[in-house]
Amino acid sequence: ITPRDLGQILNRDMNYISQLFLNNLKHPNEPIEDMKLLQQAIRRSGHRIEIQANPTNKLKELEDRDIYPRPPADKSLLRPRPPVVTIMGHVDHGKTTLLDALRHSSIVEKEFGGITQHIGAFSIVLDSSATVTFLDTPGHAAFSAMRARGANITDIVVLVVAADDGVMEQTVESVRMAKQAKVPILIAINKIDSPKADIERTKRMLLEVGLQVEDMGGDIQTVPISALKKQNLNSLIEALVLQAELLEIKADYTGLVEAVVVESKIDIHRGKLCTIVVKRGTLRKGCVLVAGTAFGRVRLMRDADNNILNEVTPGYSAEIEGWKELPSAGEIVLEVDSEKRAREVVYLREDKKKLEKAEEDKVIVIQKAEEHRKEYEEKLKLKRKLGRYKLKQQGPRKSEYENDDKINLSIIIKGDVDGSVEAILDTLDTYDSNLCEMDLVHYGIGPITKGDLDLAQTFKAVIYAFNVECPNKIKEEAEQVGISIKPFNVIYKLVDDVKEELNSRLPPIE
Ligand code: GDP
C-alpha cells in the first residue's frame, strides 16, 4: 500500500495523508513497508480499517475447520437410488409439456389424485416401483446455477428435440453443457404426432452435432414421444430406469445427510422454504442443516404432492421448513451434529467470505500500486532529463562562485495538460549550461494552488504557468510575499524566459 492508495481508501488528499504520517513519508507512490507506521496512521485517521498481511494462511485454516468436502462413502454401504433427471432443449420444443405429462403419470398421482405443487423437483414411482426424480425447472438456467456452485445433482439429461423443428441453437447449447458436466444424455424426440414430424431427419441432425444416436451406430438412446398426446412416455421412463441401472447410480443411506438446494422461496404463512434433493444419508425431522451461510433445523418436510414426509432418502426431493436464513439454489446442504456446530460453521464461512474479499482487494491494490509505480518511474525519467540542467560544477569559476546561491534557479512548472508540461521539459532539455543550476522543485497539471505558492516560498522558486489559471487570491498573496508567477501560452516563449532567468543569474563576464 502506498500513501496514495491510502488517500484513495480514506478519500482524502495527500496533505491530509502526510499529516497522518507526521510527515514521515518519503514519496506518495512508494509502498509503505513499515506495517506499524501504516497502522498508526490509520489509527490517527479515526477509521477502522483492518489490515491483513497474509489472508491466505488463515483461509486455509478456516477451510480445514469446515465440514465440506466430506470423505467419500464406504463402497460396501452403497445401495441403488433413483436417478435425478434434468430436462433440457430448445425453447418451444416441449419441455414444460413433457414435465407436466410425467408428473401426472405417477401411480401416486393416480391413486390419490392429489394436487401437485411446484417445489422445483418431483419423483414419479412406476408400477415396477422404480422411481425417477425430475428437476422441474426446465432449461439451462437451473442447470448452470447448480454447476456454478459445483453441485452436480443431475445424473441424466433428457434432451427434448421437436421432430418438426430438429436441432436448434439451444439444443446444441444443452448438449455442450451436458458434455461439459460429463452427464449422459438421453434424447426424447418430441411432437411425433405433428404432421411435419420427421424423425429420421432429426436423428441425422443430431448426428451432425456429434450425438452418436443408437440406431446410427452410436450408443445414445432416442425415444420418440408426444408429450402433448402422452404417447410413449412409458418407454421414455423405462429408458431412464435402464440408463440409471447401467450407470449404477448408488448412494450411502446412512450417516450425516448431504443434499443440494434446488429452489428456495419465502412463503408468507410457512416462512423460509427450500427444496433439496438428498445425495447421501437419510433426512429426518429435527436434523440440523447448513447450506452456505444459512442454517436451520428441519421442522417439516413435504413432497410435490403435498404429502408430509417422515424421511427422505437419497435421490428423492423434499421441501423443507425450518430455515433461519434462506439458502440459495445450487448450494450444498450438509447435516451437522448440533446447532452450536451449525453456528460455528456459518461464522467461519462468513469469515472466509470476508478474507476472500480481502484477497480480491489485495489484488486490486497491487494492481493500483503497480500503476502508481509506473507513473512514478515516468516522472522520475522526466526528472532525470531535467537533471541535465544541474550545473556540472567545473571550470575556473567554480571556486569563485561556490558560495553564491544566486547561481541557482528554482522553478515550478504548472501546465494545462500532461503533454504540454512534457513538451516544456523536452524543450528545456536543449538548454545546456555548466554554469547555472536549475532546480525543478515541482511540476504538475492544473491551476496554481496555495500549495504551489508555499513550495515556491520555501525554495525561492519562480512559478511558470502554461495555459493555466491563476486565481486572484493567489496572485495577491504571491505579490505580498514576493513570488513571481509567470503566465505563458506559447511554449517557446516560456522556455526563452527560463533561459533568460538563468542567464541573468550567471556571473558577469569579466
Ligand atoms: P418449452 O418451451 O420447451 O417448455 O415448450 P412447451 O412445453 O411450452 O411447448 C411449446 C408448444 O409446443 C406448446 O404449444 C405445446 O402445446 C406444444 N407441444 C409440446 N409438446 C408437443 C407434442 O408432443 N406435440 C405437439 N403437436 N405439440 C406439442
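Since we're looking at a predicted model, the values are computed, not measured. Counting starts at 1 for both ligands and their atoms, following the listed order.
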Check: Does any N/O atom on Lys95 come nearer than 3.5 Å to any N/O atom on ligand 1?
Finding: yes
Margin query: Polar contacts were defined as any N/O atom of the residue lying under 3.5 Å from an N/O atom of the ligand; does this apply to Ala227 and ligand 1?
Written below: yes
Note to self: Please list, in number order, the atoms of ligand 1 under 4.0 Å from a heavy atom of Asp193.
What the structure shows: 22 (C), 23 (O), 24 (N), 25 (C), 26 (N)
Next item on the list: Without swapping roles, check the side chain of Tyr253 against the backbone of Pro80 for a donor-acceptor pair under 3.5 Å.
Entry: yes
Note to self: Is the contact between Lys191 and ligand 1 made by the side chain, the backbone, both, or neither, using heavy atoms and a 4.0 Å cut-off?
What the structure shows: both
Check: Out of Val160, Asp165, Asn190, whose heavy atom sits nearest atom 20 (N) of ligand 1?
Finding: Asn190
Note to self: Pairs of nitrogen or oxygen atoms closer than 3.5 Å, one from Val91 and one from ligand 1: do any exist?
What the structure shows: no
Checklist line | Thr97 neighbourhood, listing ligand 1 atoms whose heavy-atom distance to it stays under 4.0 Å | finding: 6 (P), 7 (O), 9 (O), 15 (C), 19 (C), 20 (N)
Next item on the list: Before accepting this row, confirm whether a basic side-chain N of the pair Arg341/Glu344 lies closer than 4.0 Å to the acidic partner's carboxylate O.
Entry: yes
Note to self: Taking Gly292's backbone N and O only, do any of them form a donor-acceptor pair with Arg349's side chain (distance below 3.5 Å, no angle check)?
What the structure shows: yes
Check: Which ligand 1 atoms, with their elements, are less than 4.0 angstrom from a heavy-atom of Asp92?
Finding: 1 (P), 2 (O), 3 (O), 5 (O), 10 (C), 12 (O)
Check: Quick one: does Glu335's side chain have a donor or acceptor within less than 3.5 Å of a partner on Leu256's backbone?
Finding: no
Check: Do Ile225 and ligand 1 have an N or O pair less than 3.5 Å apart?
Finding: no
Item checked: Residue part near ligand 1, for His90, under 4.0 Å between non-hydrogen atoms -> backbone
Check: Would you call Ser317 and Val262 a side-chain contact if the rule is heavy atoms closer than 4.5 Å?
Finding: no
Checklist line | Member of Leu186, Leu159, Ile185, Ile189 meeting the side chain to side chain contact (heavy atoms under 4.5 Å, CB included) criterion with Thr222 | finding: Ile189
Item checked: Option from Val132, Ile124, Thr133, Val241 for which side chain to side chain contact (heavy atoms under 4.5 Å, CB included) with Pro82 holds -> Thr133
